[in-house]
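Report on one structure; see the data block that follows.
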Amino acid sequence: NAGVTQTPKFQVLKTGQSMTLQCAQDMNHNSMYWYRQDPGMGLRLIYYSASEGTTDKGEVPNGYNVSRLNKREFSLRLESAAPSQTSVYFCASSSGRGGPRTATRETQYFGPGTRLLVL
Amino acid sequence: GDSVTQMEGPVTLSEEAFLTINCTYTATGYPSLFWYVQYPGEGLQLLLKATKADDKGSNKGFEATYRKETTSFHLEKGSVQVSDSAVYFCALRGGNTGKLIFGQGTTLQVKP
């Protein structure tokens with residue numbers, strides 16, 4: 001049981017290049033999330049997927065796209081990377097089975113992160 | 001909107017010292033409150049949580065009590081160890097979307 005896995009662990013891009021960050025979970029969770037972590041700012045939500053087939057914008061969605069490929073996988077794509085997207089990216093998942101009434105009490109489980117440097 | 005404010009770091013303590021990391025929040029309704037810990041080079045791990053007022057979350061010697069009257073969820077540990085050196089994040093989760101709102105994180109360094 002690996003939990004939440006992310007690939008790659010580290011990536012260097014040039015401005016304007018594109019790439020996709022991969023995330024997978026083996027906990028049969030309905031909900032998945034992408035965050036970015038920047039110094040002094042905690043984690044900020046980029047996009048989330050409450051259930052398979054749905055995606056919604058979070059706090060900082062500009063410059064990103066996501067795909068909920070299936071229940072296990074949730075990818076984050078940078079179409080044209082910019083230096084401002086240099087960050088550590090975390091994927092997370094939660095059960096999401098109880099609907100809105102229980103969503104607030106659910107634990108989110110995080111992957112190990114992807115460190116991205118855009119030159 | 002909802003927000004979380006943590007005390008500024010870094011916090012440097014000697015082994016066996018008492019730890020308090022302050023966390024206050026602003027939220028509508030009845031959020032759940034969490035503390036996550038991030039060890040060097042790793043992702044975030046849930047440390048403890050509390051889902052209603054006056055609940056006390058505890059794990060690995062850490063405790064935090066959900067105080068609705070002071071909108072606080074301060075993290076405490078009676079005797080820290082070098083292995084507790086990490087970044088600690090306070091977070092809340094409220095509303096129908098279930099989105100987590102994080103504080104900026106507090107770095108704890110424990111010296112032998």
Side-chain angles (χ1 to χ4, degrees), chain A residues 2-7 9-10 23 25 27 29-51 54-61 88-115, chain B residues 1-10 21 23-53 55 57 59 66 68 73 86-107:
Chain A
V4 180
T5 57
Q6 292 182 235
T7 55
K9 289 186 178 180
F10 180 72
C23 173
Q25 51 89 11
M27 296 175 281
H29 283 170
N30 287 325
S31 301
M32 298 185 73
Y33 311 82
W34 275 106
Y35 293 89
R36 60 178 288 172
Q37 182 184 27
D38 301 296
M41 301 189 74
L43 276 73
R44 293 180 292 168
L45 183 65
I46 305 172
Y47 271 94
Y48 68 102
S49 170
S51 60
T54 69
T55 61
D56 287 285
K57 295 179 180 179
E59 187 182 354
V60 288
V88 181
Y89 292 86
F90 288 100
C91 178
S93 71
S94 65
S95 171
R97 289 192 180 84
R101 287 196 173 185
T102 59
T104 58
R105 297 194 293 273
E106 292 178 358
T107 298
Q108 285 189 13
Y109 296 87
F110 284 79
T114 294
R115 189 173 296 273
Chain B
D2 295 352
S3 67
V4 176
T5 302
Q6 290 180 235
M7 63 185 290
E8 292 283 336
I21 300 178
C23 171
T24 57
Y25 68 91
T26 302
T28 54
Y30 303 94
S32 293
L33 301 174
F34 304 82
W35 276 101
Y36 279 85
V37 58
Q38 183 181 28
Y39 297 105
E42 298 184 12
L44 278 73
Q45 303 173 28
L46 179 67
L47 182 59
L48 53 85
K49 69 177 183 181
T51 58
K52 60 183 187 297
D55 267 3
N59 186 25
Y66 188 160
K68 193 165 177 64
F73 192 55
V87 182
Y88 292 82
F89 292 92
C90 184
L92 72 81
R93 197 170 186 193
N96 291 337
T97 63
K99 287 183 278 190
L100 267 176
I101 307 294
F102 284 88
Q104 74 270 35
T106 302
T107 299

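Below, read A as the first sequence line, B as the second, and so on, with proteins coming before strands; counting in each chain starts at 1.
Your options are B:Glu42, B:Glu8, B:Lys52, B:Gln38, and the one with the most heavy-atom pairs under 4.5 Å with chain A is B:Gln38.
Looking at A:Leu45, the atoms closer than 4.5 Å to chain B (heavy atoms on both sides) all sit in the side chain, from C-beta outward. Proximity to chain B (any heavy atom under 4.5 Å) is shown, for A:Gln6, by neither the backbone nor the side chain. Both the backbone and the side chain of B:Leu44 come within less than 4.5 Å of a heavy atom in chain A.
The aromatic rings of B:Phe73 and B:Tyr66 sit perpendicular, their planes meeting at an angle over 60°, well past the 30° parallel limit.
Annotation: the span from B:Gln45 atom CD to A:Tyr109 atom OH amounts to 11.5 Å, rounded to 0.5 Å.
Legend: salt bridge (Lys or Arg N to Asp or Glu O under 4.0 Å) pairs involving residues 38-48 of chain A, not counting sequence neighbours, sorted by first then second residue: A:Arg36-A:Asp38, A:Asp38-A:Arg44.
Around atom NZ of B:Lys68, more than 12 heavy atoms belonging to other residues, nucleotides or ligands sit under 6.0 Å away.
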